[in-house]
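Read through the structure below, which is laid out as structure tokens, and then see the notes.
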Amino acid sequence: MGRITVKNNVFYFSDENGERVLLDCNDFLANRSRVPLHSLQGGVTIPGILLDLVRRQDVYPMEYLLADVLLVPYLMRDPLPVKALEIGCMDGMMSYHIATLLGKFHRESLLCCVCDRIGNESGNCWVDRAAAVEEPPRLSLLVTDYDDTQLRDKNFDIVVINGFADFDRPQEMIKEARRLLKGGGMMLSYSGCHTPLHESLRSEFPEREEYILDSQSGVMILHDRENMRMRRDGGHCAQIAGECMAKAEQVLENGAEKEEIRALARELDRLADSAIAGGEPELKLRLLRKKEQLLERLYETSE
């Protein structure tokens with residue numbers, strides 16, 4: 001089967017098909033967002049975060065490390081806070097990993113974890129795991145049916161399916177997960193192989209990246225054709241929006257010529273239109289707020 005290894009800050013996946021690079025943390029030019037590959041705020045390194053997550057667990061299933069490594073490139077690409085959803089968070093182990101990564105990249109990100117039972121008799125350890133996260137993002141726990149969460153359509157950038165949870169109706173849960181994922185978002189599943197869920201996912205997502213560790217576990221990144229296109233276009237839009245808002249922050253702090261402020265405000269307005277067309281209303285609101293701040297500064301300098 002397969003295994004994941006790390007050599008000189010490069011994470012590899014090896015199986016009978018050969019060795020693939022999953023994450024090269026020495027390639028400083030690979031990431032063009034606000035997050036450098038080699039370090040985060042405070043000089044914390046990405047390899048350091050991932051390896052520390054390994055060291056903190058006495059018994060560490062390798063599918064967790066594999067899922068962590070696969071999530072990181074998506075988090076690096078997006079300069080803005082993200083919303084993540086975990087479906088089936090009973091033991092809280094994956095919740096701990098996702099929350100740690102989100103908190104390190106952006107403390108304003110959100111992780112919503114869904115389970116169908118909680119309480120002393122349920123075996124749910126989510127609260128204990130969540131409390132152990134040192135720099136958590138915003139966290140919430142929702143106890144509801146997996147196939148009818150009542151959450152808003154297309155509300156999450158990342159959806160993670162915990163395939164070790166008990167899904168009575170896997171097809172309906174998959175339909176719900178698709179409903180909740182934003183256009184251009186990332187859907188990832190880790191589960192045992194040859195289970196009803198695993199077979200349903202393979203049937204529903206013919207375009208996928210599949211990493212099989214052994215007969216008991218594997219990780220899949222699940223792609224819809226339309227979602228792949230929107231991820232490419234939406235990721236580019238988010239990158240440009242982040243750069244533009246960062247420039248606006250510099251102008252607000254240091255000042256600029258009036259024409260430069262007007263041009264920047266027009267660009268923020270244009271990006272807001274692109275964001276709403278791409279199904280990103282929250283990004284649109286951020287862009288418009290920044291535009292309003294620039295215009296207020298312009299009016300102040302005109303008086």
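Computation of the quantities below employed the complete heavy-atom set of this structure, encompassing side-chain atoms and omitting hydrogens, waters and symmetry-equivalent molecules. Numbers for residues simply follow the sequence, beginning at 1.
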Polar side-chain atom of Asp214 near backbone of Ser217 as donor-acceptor pair, under 3.5 Å: yes
Between Glu108 and Arg138, does any side-chain N to carboxylate O distance fall below 4.0 Å? no
Could you measure the distance from the SG atom of Cys113 to the CG atom of Leu142? Nearest 0.5 Å is fine. 10.0 Å
Please list every donor-acceptor pair under 3.5 Å in which a side-chain atom of residues 158-171 meets a protein atom from a residue at least two apart or in another chain.
unit_1	atom_1	unit_2	atom_2	d
Asn162	OD1	Phe164	N	2.9
Asn162	ND2	Gly88	O	2.5
Asn162	ND2	Tyr190	OH	3.3
Arg169	NE	Asp147	OD2	2.8
Arg169	NH2	Asp147	OD2	2.5

Test item: Arg129 side-chain N/O and Ser95 main-chain N/O as donor-acceptor pair under 3.5 Å: no
What distance do Leu102 atom CG and His97 atom NE2 have between them, rounded to the nearest 0.5 Å? 13.0 Å
Do the side chains of Val114 and Tyr146 get nearer than 4.5 Å, heavy atoms only? yes
Mind jotting down which residue pairs meet the salt bridge (charged side-chain N to carboxylate O under 4.0 Å, His left out) criterion with at least one end in residues 9-19? Sequence neighbours excluded, please. Lys7-Glu19, Asp15-Arg20
Electrostatic pair Arg202-Glu210, nearest N-O below 4.0 angstrom: yes
Got a sec, which residues hit ring pair (Phe, Tyr, Trp, His ring centres under 6.0 Å) with Phe156, two or more places apart in sequence or on another chain? none
Going by an N to O cut-off under 4.0 Å, is there a salt bridge joining Lys83 and Asp157? no
Please check if the side chain of Ser200 supplies one atom and the backbone of Pro196 the other of a donor-acceptor pair under 3.5 Å. yes
Could you list the cluster mates of Leu285? Members are the ILVMFWY residues connected by side-chain heavy atoms closer than 4.5 Å, either directly or through other members. none
Note: Leu268 and Cys244 closest approach over all heavy atoms is CD2-SG, 3.6 Å
If two hydrophobic side chains count as joined below 4.5 Å and joins carry through other members, does Ile49 share a cluster with Val10? no
Go through it in stages, so that I can follow the logic: the residues are Leu75 and Ser109, the test is side-chain contact (heavy atoms from CB on, under 4.5 Å), and I'd like the CA-CA distance, side-chain angles, deciding distance and then a yes or no. CA-CA 10 Å; Leu75 295 174; Ser109 290; over 6 Å; no
Under the side-chain contact (heavy atoms from CB on, under 4.5 Å) rule, what do Asp269 and Glu267 come out as? Steps first, then yes or no, please. CA-CA 5 Å; Asp269 198 46; Glu267 178 65 9; over 6 Å; no
Mind checking what makes side chain to side chain donor-acceptor pair (under 3.5 Å) contact with Glu249, not counting sequence neighbours? Lys290
Thr100 (side chain) donor-acceptor with Tyr96 (main chain) under 3.5 angstrom: yes
Using a 3.5 Å distance criterion without hydrogens, assess whether the side chain of Arg208 forms a donor-acceptor pair with backbone atoms of Met220. no
What's the spacing between Gln150 CD and Arg152 CZ if we round to 0.5 Å? 14.0 Å
Arg3 side chain to Leu213 backbone, donor-acceptor under 3.5 Å: no
Exercise answer: donor-acceptor pairs, residues 172-180 side-chain atoms, under 3.5 Å, sequence neighbours excluded:
unit_1	atom_1	unit_2	atom_2	d
Glu176	OE1	Arg179	NE	3.0
Glu176	OE2	Thr149	N	2.9
Glu176	OE2	Thr149	OG1	2.7
Glu176	OE2	Arg179	NH2	2.7
Arg178	NE	Asp224	OD2	3.4
Arg178	NH1	Glu204	OE1	2.7
Arg178	NH2	Glu204	O	3.4
Arg178	NH2	Asp224	OD1	2.5
Arg179	NH1	Leu151	O	2.9
Arg179	NH1	Asp153	OD1	2.2
Arg179	NH2	Leu151	O	2.9

In one Ile/Leu/Val/Met/Phe/Trp/Tyr side-chain cluster, 4.5 Å: Leu139, Leu141: yes
One should read off an interatomic distance between Tyr211 OH and Leu66 CG, to the nearest 0.5 angstrom, of 7.5 Å
